[in-house]
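Single-structure report; data block below.
Atom set for the values below is all heavy atoms of this structure, side chains included, hydrogens, waters and symmetry mates excluded. Please read these numbers as outputs of a predicted model, since none were measured by experiment.
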Amino acid sequence: MSSPSTAALLAALQLPVTTGIGDDAAESVAKADLESRLRVLLPKTYEEVRVLRCLADVRNKTDDSIVNVTDLSAWFLREGSDQAVLQQSNVVRSIFAYGTLRGDATPTGDFWGVLDNYGGQWWPAKVAGFRIYQEEGLSYPFAVQTHDPSDTIVGTLLTFPATRVKEAIVRCNRIENFDPTCPGRGLFRRTLVGLPDPDGLMPGLAFIYYKDQPPSGTPMKAFPSGNWLEQQAADGTGDLGTPMDTGAVSELTCGGKRIATFGFGSNSVRQLRGRLRSPELQGFPGRVQGQVLAFCGPNQSWALDSDSDAVGTATLVSRPGETAWGTVAFLTDEQLDVLDGFEGVPRVYQRQHFDGEVFCSGHWHQLQLVAYIKVSQDWYPPSEAYRCAVSRNLRGSFPDLNNIAVRDVHGKVREQWQHPGYKSLGLAAFLFEVGIRKEEPWEMPSRIRKTLAALNRIGVHGTAETLEIALKDGGRRSTLPLSDDEIAIARRLFRAPAKSDSQDAALSDDDAQAERASMRSG
């Protein structure tokens with residue numbers, strides 16, 4: 001007898017089932033029918049190799065003309081890029097949501113606006129074989145698959161029209177940081193569960209996003225009732241803030257189509273403009289309560305100083321009573337994909353969601369933010385160039401921030417750093433200050449390294465002072481690997497007062513910053 005998931009799969013695949021007779025009463029489908037259907041469902045780029053691989057994986061050893069239904073169902077429900085690509089087709093049109101994607105997460109629907117944007121509907125639902133947890137300091141839960149039928153979680157079934165389902169599932173994949181082509185890597189995994197059809201006519205298939213197990217050594221909250229939203233309300237922590245697509249930030253998110261991305265390290269909006277080739281991007285002050293800036297490594301790309309081959313870069317760590325400050329940019333899914341490459345997702349950084357705030361139209365507004373969190377936790381101090389990049393980002397949104405606390409992931413402050421003034425910088429850090437100010441900013445940090453190497457070849461190395469001397473030497477100036485506008489920026493910075501608060505003037509005309517705020521505001 002087929003399980004609900006198997007029956008739903010066969011119905012979705014539109015495959016006729018044959019039941020054996022006598023001792024062999026197993027259900028099967030014709031291999032030719034399966035092959036024909038797979039070629040319809042799979043994208044052309046995947047078609048040949050994956051169709052053949054599926055057929056090989058589910059091959060009936062005694063009769064090559066048929067495929068056992070149980071084997072087919074088990075293959076389809078397993079994890080792997082082949083299965084994930086097939087699942088991406090219109091075979092599955094529903095998602096079981098138990099957290100911020102729940103249809104009843106806010107009075108207007110899910111927190112991300114997916115239902116509204118893609119014409120979806122939702123129904124109350126339950127799924128067995130999972131438990132829910134929430135990591136301390138994070139604003140969303142995750143499910144762990146236990147395969148125990150007595151473990152039940154409560155949520156909603158999201159369904160979408162056939163014409164919009166692919167877009168909706170792609171959007172949910174991005175929200176949950178799940179990549180169908182690398183299904184074992186991202187923040188969440190994805191599998192299929194069998195659920196009753198909302199109309200009660202037949203069992204249906206739905207995606208569910210989950211994790212293998214809770215991270216060891218991390219404080220966790222469990223939800224024995226299986227109902228995350230209900231328990232949040234009972235604990236007085238159920239206010240998810242203003243939904244993504246309503247209120248003062250609705251225009252910035254384009255109705256939920258742009259993602260509020262929180263840059264707390266080097267990702268100032270000017271750096272994002274250079275990396276994403278998007279001169280229209282603008283930044284807004286952002287903050288996350290209960291988190292704090294920390295540094296860890298190793299990182300080689302920002303190791304631009306001659307005395308180190310690995311340095312630290314920014315991450316967030318939980319610290320009650322503290323606040324992480326930064327800049328919010330509203331990015332498309334495609335822009336986030338490009339940024340993932342710069343951040344080394346998923347090996348170096350992983351996307352995570354936080355309850356945060358953005359300063360817009362003179363007021364603070366609650367919304368969920370996406371931030372990149374470091375995988376490694378080892379202490380490495382950040383390079384001077386990277387510190388300048390962080391300072392540029394934070395002071396762009398919060399001009400009254402003068403010092404950066406250089407912490408490790410355990411919260412220990414290793415030092416307090418303040419910008420020393422442009423003339424006192426090392427050459428790599430000074431080049432950052434030049435490149436970030438171009439109308440089309442440099443792609444950081446690769447362009448710094450390339451220019452630094454070219455300067456070293458002509459004897460300019462070590463400190464910004466050596467570049468200043470070269471600029472004053474008419475004979476050497478023509479050999480510098482800098483454009484006219486870059487030379488003009490460098491000269492302007494050399495003329496700036498030595499005190500670090502002189503940076504305020506350099507930031508005040510930055511068109512990348514839409515608004516600024518005080519750290520004491522609101």
Side-chain angles (χ1 to χ4, degrees), residues 112-113 117 167 170-171 173-175 177 179 244-245 248-286 301-302 313-314 326-345 348-349 351 353 356 358-361 365 367-372 385-386 388-397 431-451 483 485-486 489 506-516:
W112 300 90
N117 290 330
E167 298 172 85
V170 167
R171 176 76 173 107
N173 286 345
R174 295 184 191 280
I175 290 171
N177 193 11
D179 182 354
M244 285 283 288
D245 58 342
V249 296
S250 60
E251 184 176 348
L252 297 172
T253 62
C254 297
K257 295 179 182 178
R258 286 183 176 266
I259 300 166
T261 308
F262 182 57
F264 52 87
S266 69
N267 273 330
S268 64
V269 180
R270 289 200 63 79
Q271 178 163 294
L272 291 178
R273 284 183 174 187
R275 288 181 163 184
L276 303 177
R277 300 287 188 264
S278 299
E280 79 286 351
L281 288 179
Q282 289 196 305
F284 297 80
S301 61
W302 280 97
T313 51
T327 303
V328 174
F330 294 87
L331 306 181
T332 64
D333 288 329
E334 292 74 21
Q335 288 172 330
L336 267 181
D337 283 345
V338 174
L339 193 55
D340 282 352
F342 282 97
E343 301 298 338
V345 174
V348 182
Y349 278 90
R351 293 189 208 169
H353 302 129
V358 63
F359 191 79
C360 177
S361 302
H365 303 272
L367 78 167
Q368 276 212 341
L369 306 176
V370 168
Y372 288 95
Y386 191 79
C388 288
V390 175
S391 177
R392 173 77 187 195
N393 177 29
L394 300 185
R395 297 194 74 205
S397 285
L431 288 175
F432 165 81
E433 298 287 5
V434 171
I436 203 67
R437 285 170 169 79
K438 285 178 62 69
E439 182 176 351
E440 184 178 325
W442 285 357
E443 184 180 293
M444 303 290 186
S446 60
R447 183 64 184 278
I448 299 175
R449 187 177 297 277
K450 179 180 178 181
T451 307
S483 63
D485 64 325
E486 290 162 359
I489 293 170
L507 293 171
S508 63
D509 60 352
D510 189 351
D511 67 342
Q513 200 67 35
E515 296 195 39
R516 292 181 173 83

Legend entry - Option from Lys450, Arg277, Arg275 for which salt bridge (charged side-chain N to carboxylate O under 4.0 Å, His left out) with Glu443 holds: Arg277
Inset, instruction - Provide the closest heavy-atom pair for Ala260 versus Val328 in the form atom of the first, atom of the second, distance. - result: CB-CG1, 4.0 Å
Inset, instruction - With rounding to the nearest 0.5 Å, note down the distance linking OG in Ser446 to CH2 in Trp302. - result: 9.5 Å
Legend entry - Result of checking Lys438, Glu440, Gln282, Glu280 against Arg273 for side-chain contact (heavy atoms from CB on, under 4.5 Å): Gln282
Legend entry - Heavy-atom pair with the smallest gap, counting every atom of Ala314 and Gly265: CB-CA, 3.7 Å
Inset, instruction - Measure across Leu272 and Ala329 and return the closest heavy-atom pair with its distance rounded to 0.1 Å. - result: CD1-CB, 3.8 Å
Inset, instruction - Kindly indicate whether the side chain of Phe284, heavy atoms from C-beta on, has any atom under 4.5 Å from the side chain of His365. - result: no
Legend entry - Spacing of Leu369 atom CG and His353 atom NE2 [to the nearest 0.5 Å]: 10.0 Å
Inset, instruction - Please examine the side chains of Ser266 and Met444, heavy atoms only from C-beta on, and report whether any two atoms are closer than 4.5 Å. - result: no
Inset, instruction - Could you tell me the separation between the CG atom of Leu281 and the OG1 atom of Thr327, rounded to the nearest 0.5 Å? - result: 12.0 Å
Legend entry - Minimum heavy-atom distance Ala389-Gln271, with the two atoms named: CB-OE1, 4.5 Å
Inset, instruction - Would you check if Asp333 and Val170 make a side-chain contact, meaning some heavy-atom pair closer than 4.5 Å? - result: no
Inset, instruction - Compare all side-chain heavy atoms of Gln513 with those of Ser268 and state whether any distance is below 4.5 angstrom. - result: no
Inset, instruction - Output, in order, the C-alpha distance, side-chain angles, deciding distance and verdict of side-chain contact (heavy atoms from CB on, under 4.5 Å) for Val434 and Thr451. - result: CA-CA 11 Å; Val434 171; Thr451 307; over 6 Å; no
Legend entry - Side-chain touch Glu343/Arg351, heavy atoms, less than 4.5 angstrom: no
Inset, instruction - Measure the shortest side-chain to side-chain distance between Asn393 and Asn267 over non-hydrogen atoms and say whether it is less than 4.5 angstrom. - result: no
Inset, instruction - Drop me the distance from Arg449's CZ to Ser301's OG, to the nearest 0.5 angstrom. - result: 7.0 Å
Legend entry - Minimum side-chain heavy-atom gap Tyr372-Leu336 below 4.5 Å: yes
Inset, instruction - Kindly check if the number of other-residue, nucleotide or ligand heavy atoms within 6.0 Å of CD (Glu439) is above 12? - result: no
Legend entry - Phe330 CZ to Ile259 CD1 distance, which is reported to the nearest 0.5 Å: 11.5 Å
Legend entry - Candidate pair Glu433 and Arg437, rule salt bridge (Lys or Arg N to Asp or Glu O under 4.0 Å), full reasoning: CA-CA 7 Å; Glu433 298 287 5; Arg437 285 170 169 79; 2.7 Å; yes
Inset, instruction - Look up atom CG in Asn117 and atom CD in Glu167, then write down how far apart they are to the nearest 0.5 Å. - result: 10.0 Å
